[in-house]
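In what follows, chains are A, B, ... by sequence order, proteins preceding strands, each numbered from 1. All values below were derived from every heavy atom in this structure, side-chain atoms included, with hydrogens, water molecules and symmetry-related copies excluded. Fair warning: this is a prediction, and the values are worked out from it, not measured in the lab.
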Amino acid sequence: MNLLKETSHLIKDNIRDYGMYIALVAIMITFNVMTSGTFMSSRNISNLLDASGYIAVLAVGMTLVIVIRHIDLSVGYVAGFLGAIAAILLMQQGLSVWLVIPIILVLGIVIGLMNGFLIAQLGIPAFVASLAGMLIFRGALLQVTEGTGTIIVQDDIFNAIGNGYLPAIKYFYNRHVLTLIIGAVGVVLYIFSELKNRHDKSKYNFDVISMPIFLIKLVFVSAIIAYITWILAGYNGISWTLVIVLLVTMVYHFITNKTVLGRQVYAVGSNPEAAHLSGINVKNVTYMVMGSMSMLAALSGILYTSRLQSATTTAGMLFELDAIAAAYVGGVSSAGGVGKVTGAIIGAIVMASLTNGMNLLGVGISYQYMIRGGVLAGAVIFDVITRKRGK
Amino acid sequence: MNLLKETSHLIKDNIRDYGMYIALVAIMITFNVMTSGTFMSSRNISNLLDASGYIAVLAVGMTLVIVIRHIDLSVGYVAGFLGAIAAILLMQQGLSVWLVIPIILVLGIVIGLMNGFLIAQLGIPAFVASLAGMLIFRGALLQVTEGTGTIIVQDDIFNAIGNGYLPAIKYFYNRHVLTLIIGAVGVVLYIFSELKNRHDKSKYNFDVISMPIFLIKLVFVSAIIAYITWILAGYNGISWTLVIVLLVTMVYHFITNKTVLGRQVYAVGSNPEAAHLSGINVKNVTYMVMGSMSMLAALSGILYTSRLQSATTTAGMLFELDAIAAAYVGGVSSAGGVGKVTGAIIGAIVMASLTNGMNLLGVGISYQYMIRGGVLAGAVIFDVITRKRGK
Amino acid sequence: SDTQTDEGSGGDSDEGTSDEGSSDDAIDVGIILPTRDEPRWVQDEQRFRDAIADSDYTTEILFSQGSSANELQNVETLISRGIDVLIMSPHDGDAAGAAAKAASMEGIKVISYDRLITNTDAVDYYVTFDSFAVGEAQGQYLIDNTDGSGIPLYLYAGASSDNNAFLFFEGAWSVLQPKIADGTFVVANSSAAEELSSKNELTRDELGQILNQVTTNWDPNEAINKAQTHLTSAGAELKGDVAVLAPNDGTARSIADTFSSDSEVTSYVITGQDAEKASIQYIIDGKQSMTVFKDVRRLVEDAMGMAITILDGSDPETTGSYDNGSVDVPALQSEVITVDQANVEAELIESGYYEASEFTGLE
Amino acid sequence: MADVILEMANITKTFPGVKALDQVNFQVEKGEIHFLVGENGAGKSTLMKVLSGVYPYGNYEGDIIYEGKVQQFNKIQDSVNVGIAIIYQELALFPDLSVYENIYMGNEVKDGGIINWNQTIVKAKEMLQKVNLKVNPETLIKDLGVGKQQLVEIAKALSKQVKLLILDEPTAALNEDDSENLLELIKELKKQGITCIMISHKLKEVAAIADKATILRDGQTIITLDAKKGEIDEPTIIRHMVGREMNQIYPERANRNIGDTVLELINWSAYDTQLGRAVVKDANLHLKRGEIIGIAGLMGAGRTELALSMFGNPKSYKLMGSMALNGQAQNFKHTSDAIKAGMAYVTEDRKGNGLFLLNTITKNVSASKLSGIAHNGIINTNEEIKVAEHYKNSLHIKASSIEQLVGKLSGGNQQKVSLGKWLFAGPNILILDEPTRGIDVGAKFEIYSVMNTLIEKGMSIIMISSELGEILGMSDRIYVMAEGKITGELDRQEADQEKVMALATK
Ligand SMILES: Nc1ncnc2c1ncn2[C@@H]1O[C@H](COP(=O)(O)OP(=O)(O)OP(=O)(O)O)[C@@H](O)[C@H]1O
Ligand SMILES: Nc1ncnc2c1ncn2[C@@H]1O[C@H](COP(=O)(O)OP(=O)(O)OP(=O)(O)O)[C@@H](O)[C@H]1O
Ligand SMILES: [Mg+2]
Ligand SMILES: [Mg+2]
């Protein structure tokens, strides 16, 4: 029964990558049973994904920062501060949302480059540099919101980012049709790319996984995509937040896996010395990664402000810790060079699922903190142990 | 003439160590001028020192943690949690304060050893391990205070730790006599030890600083000790908090400079592999340092609870960041192996002086955050640059 | 006792220093506010400055940023500035005892502002809106503005780490509980509340159990998450026309947004507190039903007036007294006003609290 | 005369404490195989790092004239762009990345910034064939031995459009066949018109394939020998390398009184769980009182691992077999046990895991025996200073004072500090791993002298070295290792370069 053997092999070899998914599925099923179905209901899944959006994008950036052996504690208040700036530009300066968003993202990049300067140029440890940044931007946030306090945003387009959904076109047995279409397209694209991939590989005659396994994989993944879109279609369909998170994920996944820049990031993380000797400009890579981090912080700020339809004076508090936790649950390693963007997203969803599920069950806030702490520790222990054994 | 040369040499060679003191003096003088004397008034100095106490002890422990290239984010809520436990034992269990304090300190050590296990034994990165701890103890704090909310402590001895002063015996022109005596003793002891030191050195005929410089140093330091005690004597004298902080400082200063253990800590910090090959048990050292850290967190919790005469539900929030900031301002280096206990104390006082001085001047809270962030960044930049130039 | 003499003489000697030191900029009234993170306190800052402007006394205002330690440090700072009256709104009533003590030790008169400093004898006066009454007003509004029975009731509270959150909720519970018991309301989102629905006077512990489930941490985002999960788990029978107890305006707005986005919720009545600008707009637009308006100007004037009376050497008049767990504190109460669409202009615009121009949709 | 592709004129490069290169002149003609030879620390690697832009323009004095133009390489990429590829002595690979990713790192197969992985793998396979390395390109580097890693490095260099290929001790880690292979490959490349600069300590291969050989000593060019003129043969090279007769480098030992066995290994094996293979296999070895045994072998032979496995096993290998000191079986739990039992290990990598570079000489010297300067846990700083002064004088450590940071000392003096550090621990068995790697001739001589005085005092020394010269010059007996096995034992009389090399590559 070498089919089984192959499977068990695949799993053993990739336990670190699969572990996270298995954990997520386990958590989801558990909660679903305990809440007798509510957890996996269309609306809850939809809410859950939206609620994790602004942390997920941070986690993506943080993963790369940790991959190159740094850390960024300032992201939280950077997000809060830029969110407030966005609100001010929209409501007090009356700029158009199409102007505001790019401005905010650019501001984010500028802030990131300043961090980069401290870290790459002056060689300040990232931890302290960003700790200082954290204080500074907390002050800045208070400063800009001082006069007004909470700033409500009355811009439908802007608020749609955090609360709106793709139009349904029409409903079909009150399922959101556009969502179903997107799901279908997704499945087709996935199958197509897998086939092409396999075809290329065999064209170059590399060895590929056996046909049955391949088919099982195809069916399984397609099923999941279909199931999720089907669920979402049952409520309001795909939210703009989800669209943005998916875009960010895809872009970063592509960059890290398919582009030279991506290679260089992992090279720097895995062995800075060797990277330098291989002609990689370590400083530039650092600038890039820090820049992207703060740009995503800006995006996170936009998502958050839009979600609350207002910029509050404490926005951003402790975002950084949630993001870092998500990244580590997602399997990034502070030893550098190891960590996937997709992992970060899963990590963020795991943490969000915990909070959401425990809220559904009415678990007290104090237990929620402890459980989240326990899960974080557990995830990292699992990671470290499997990595040791892997060698 | 070559007196000047020697001085300038001494300063150049030790600029990194002196920098901090110079900064502190500069800050103090500036504030004193701007507040036309209020800043250096007996009462304010006394308040300032008391206010920085619970952070100062944390900073001492954190310095050693950073010296061995780790970090501990859990200290804040560990302090908060153990502070609450102390209050519960005192008020609800009615245990005697002489029992409670050792119990709490031991609990602290136990928690620290658990961190040590995660870090030294399992090899979990300290950052994540302690991040998990932070969440867990935050939850635990909420849990134990859930029923009661803030727990008021009505135990005069316990509350004296954070609010009481050494008895005055008698007053002399309104000056607290015991304090003056202590100051005098301090000066004498200092001069004596310096003389003995110099005598030993010349006995082994090592080269010593020239006589005039030596005298200048003696006079200068004695003057400072005298001045500070004189100022304190002008208010309520020396607070128990100050006594505790001074004791902790002296003990840790002694351990780090005069004992084998201290040496091993710095050895592990500056090159773990070499330390291991030199027969130093790196794991044990890690356990020691993490244990001492959480023990000091426990002490910090006691100081804080006693100062407020009550255990609050949010006690400990962000202590860790203040402590880390103080440690870095005090000149510790995350590269490992560099960092003084005395530096940590100065760092804590610098940060406290900033807050206190800016409050006296009525500087807005938003600017306060920004300025503190700026000072932190500045301190580390100065540190890194001087170290670079040193090399 | 001898500690007394310590303090005494310490005090004297300090007069000396502060006289020669800071005579030119000595402060008469020290003010301590809990945090600058909430607009309400930021606005207070200016109001206090205006209130004392036309007297010849001086003031200094510090913020505790949600930390009792800062609070104590601020008090010490103000004492060194030589204040004679301390107006303080504690971050945590119990924990503030130490700070109040420090002040009264120096013979400084302590006025507890808006929030009561509890379990200490070191409070001289209390100027307040009754937090309990705020809760009552919120609960009463829900009762008065819903009809029929079996109305789904969604409960939300402030931070479970904040004593005031308990006071507000306690007040609301005191009026809502009978209506829950008789079936007018059906608690939709807290198992703990359902279990306790027969009990009018809850112990701190019982309140804790409920708050632990329905806390928003005063955080609008947390409020959205909670509201969404609650609406998700609630069946259709718990939708329709609903009543929502929201602790303050910040959380009320996000909860209202969440409820309005649920198609099965045909209408909702939702409470608020603080009359934040943002929420007034919501009330005008009909997105938020009410807010408990605590005319802070009145409170500020009362407090400052009281301070100035004391400075002038006479005794301020009071309207009642509060037991803070240790002593009966003579208190001056300003009543709280329930503001909704009907009276929003009268109470807030015409009274000059806000400018009409600051809002849209007002004719 | 063919046209000159590269000329390096009056290159001077100083490191804190060391003048690595001093007015070096160096000329290479198109299409030739040009060897750079010289002792450890002569400056070969440094010269090549200057050439490849590791030490950017302005970081050294002198001119690099390449293809007729004065070049100013500010970063490594600049030298790559003009067709210079270098393989560094310290491998520059990424342990967590696969072979093919490593080969094309910094030189990706891409269409407009987007990497074509399939193409990459195909090309990687070609490159691997070129260097005769038969591994799956998807293997992670950390799962290969240094030997194979070396080949990957070469493949990486070939993957770039090289005109001038520089190899820094490429064959050091290779066995005979692989070396042969490589040399053939290089001849092959020569035919394709690729110029090649090689650094090597293996004089046989120099004699075999060199067109020219430039000899460096103490950072200076001594002479360039030309094969056409028949100048290239080992004796000549050695003469120029050391600049004096062999016997002068190694101080004569007064009297050899070898005592009885102090250390014995029986069927000693060490299995590295991290690398997942044995690094020491069935080693049988003994050491007598007052004796120096040399352990020879190529880089990667497992000598360091052997030493570590004896010295309290800090890398926690799985150990098998038995080890006895003075007849008693030992089973050390920690390096501290080994030290207590009277062993000391001077590491091969003094900067990496030997010294505390940010600490003073004083604190380094006392580090391995703090108990020696402490009374019940409390350190007597004056004692400590006296100890430090003692070793500074007795070992002639050149430093402004004992309070100087070790990181600022020259290589040779750093080595003396780590020697002093271990002498203070008062061992009777001293393991020296590459005791003279990268330190100058003068310092070497002093260290050899110290070794002699030590064994005259009855200490026993195990000397691991890649330098045949000192192995032959200093040892009483010689063990040779290859791929973790002890392949032979030679007495000092019978031993010579050929015999050792033969065993080392067995
Ligand atoms: N980064 C550095 N910092 C300080 N000194 C260095 C550095 N690199 C090399 N040196 C010194 O420069 C000198 C030449 O070193 P180099 O590595 O070029 O010698 P080499 O000829 O390559 O020796 P080997 O044959 O052992 O490789 C040595 O004294 C070495 O200690
Ligand atoms: N960085 C590394 N990654 C993978 N394997 C390694 C590494 N370093 C050493 N090894 C393996 O460990 C064994 C011993 O290597 P090492 O170079 O320490 O032996 P050695 O004889 O001491 O060589 P040297 O001449 O450098 O002292 C070899 O099989 C080598 O392949
Ligand atoms: Mg070299
Ligand atoms: Mg070796």
Side-chain angles (χ1 to χ4, degrees), chain B residues 32 35-44 46-48 50-51 54-55 141-142 145-152 154 159 162-165 167-168 171 173-176 233-237 304 306-315 317-318 352 355-356 359-360 362 364-366 368-369, chain C residues 2-3 5-7 9-10 12-14 16-18 20-25 35-36 60-63 65-74 76-82 91-99 101-102 118-120 159-163 166 203-205 208-209 211-212 325:
Chain B
N32 200 40
T35 61
S36 50
T38 318
F39 184 83
M40 294 297 270
S41 70
S42 299
R43 157 180 271 125
N44 194 54
S46 170
N47 293 341
L48 190 159
D50 294 356
Y54 67 96
I55 293 299
L141 171 60
L142 282 176
T145 53
E146 179 185 338
T148 55
T150 302
I151 306 164
I152 304 214
Q154 284 144 327
N159 290 345
N163 304 287
Y165 295 84
Y171 279 87
Y173 291 112
N174 270 331
R175 295 277 164 184
H176 195 277
Y235 182 46
N236 291 336
Y304 188 79
S306 153
R307 178 169 163 79
L308 298 183
Q309 304 179 18
S310 57
T312 69
T313 51
T314 52
M317 194 168 176
L318 297 185
T355 316
N356 175 290
N359 279 340
L360 281 178
I365 189 76
S366 47
Q368 292 200 16
Y369 280 119
Chain C
D2 61 358
T3 49
T5 57
D6 282 8
E7 300 298 341
S9 51
D12 302 341
S13 73
D14 184 70
T17 43
S18 55
E20 114 258 313
S22 50
S23 52
D24 40 320
D25 64 355
T35 174
R36 213 190 182 104
E60 179 66 66
I61 302 175
L62 296 178
F63 288 86
Q65 288 311 99
S67 148
S68 303
N70 292 350
E71 200 165 69
L72 179 49
Q73 203 178 337
N74 289 341
E76 286 166 342
T77 308
L78 289 173
I79 295 173
S80 357
R81 295 294 303 276
H91 157 66
D92 173 327
D94 285 326
K101 193 126 207 102
T118 44
N119 295 301
T120 172
S160 63
S161 57
D162 176 356
N163 283 322
F166 281 78
T203 67
R204 162 84 196 199
D205 202 350
Q209 291 165 18
L211 259 70
N212 222 334

*Has the side chain of B:Asn47 got a donor or acceptor atom that lies under 3.5 Å from a matching backbone atom of C:Thr77?*
no
*Looking at C:Ile61, C:Thr120, C:Asn119, C:Leu78, which one has more heavy-atom pairs under 4.5 Å with chain B than the rest?*
C:Asn119
*Heavy atoms, side chains only, cut-off 4.5 Å: are C:His91 and C:Thr35 in contact?*
no
*So which part of B:Tyr304 gets closer than 4.5 Å to some heavy atom of chain C, the side chain, the backbone, both or neither?*
side chain
*Walk me through it: do B:Gln368 and C:Phe63 pass the test side-chain contact (heavy atoms from CB on, under 4.5 Å)?*
CA-CA 11 Å; B:Gln368 292 200 16; C:Phe63 288 86; over 6 Å; no
*Do you know which of B:Thr355, B:Thr314, B:Thr148 has the most heavy-atom pairs under 4.5 Å to chain C?*
B:Thr148
*Modelled atom types, side-chain donor and acceptor of B:Asn356 and C:Glu76, under 3.5 Å*: no
_Looking only at side-chain N and O atoms, does C:Asp92 offer a donor or acceptor that is under 3.5 Å from a partner on C:Ser68?_
no
*Contact winner vs chain C - B:Leu318, B:Ile151, B:Ile152, heavy-atom pairs under 4.5 Å*: B:Ile152
_Tell me whether B:Ser306 contacts the main-chain N or O of B:Asn159 through its side chain, where contact means a donor paired with an acceptor under 3.5 Å._
yes
*Pairs of heavy atoms under 4.5 Å with chain C: top-ranked of B:Ser310, B:Gly162, B:Ala315*: B:Ser310
*Quick one: which of B:Gln309, B:Met317, B:Glu146, B:Gln154 has the most heavy-atom pairs under 4.5 Å with chain C, could you say?*
B:Glu146
*With only heavy atoms counted, which part of C:Gln209 is less than 4.5 Å from chain B, the side chain, the backbone, both or neither?*
both
*Measuring heavy-atom distances to chain C, does B:Leu360 have an atom under 4.5 Å in its side chain, in its backbone, in both, or in neither?*
both
*Between chain B and each of C:Gly208, C:Ala96, C:Gly325, C:Ala69, count heavy-atom pairs under 4.5 Å; write down the option with the most.*
C:Ala69
*Is B:Thr145 reaching over with its side chain to a backbone N or O of B:Leu141, donor-acceptor style, under 3.5 angstrom?*
yes
_Choice from C:Asp94, C:Leu211, C:Asp205 maximising heavy atom contacts with chain B below 4.5 Å_ = C:Asp94
_Interchain contact, B:Leu308 with chain C, by part (heavy-atom threshold 4.5 Å)_ = both
*Are a donor atom and an acceptor atom from the side chains of B:Asn359 and C:Gln73 found within less than 3.5 Å of each other?*
no
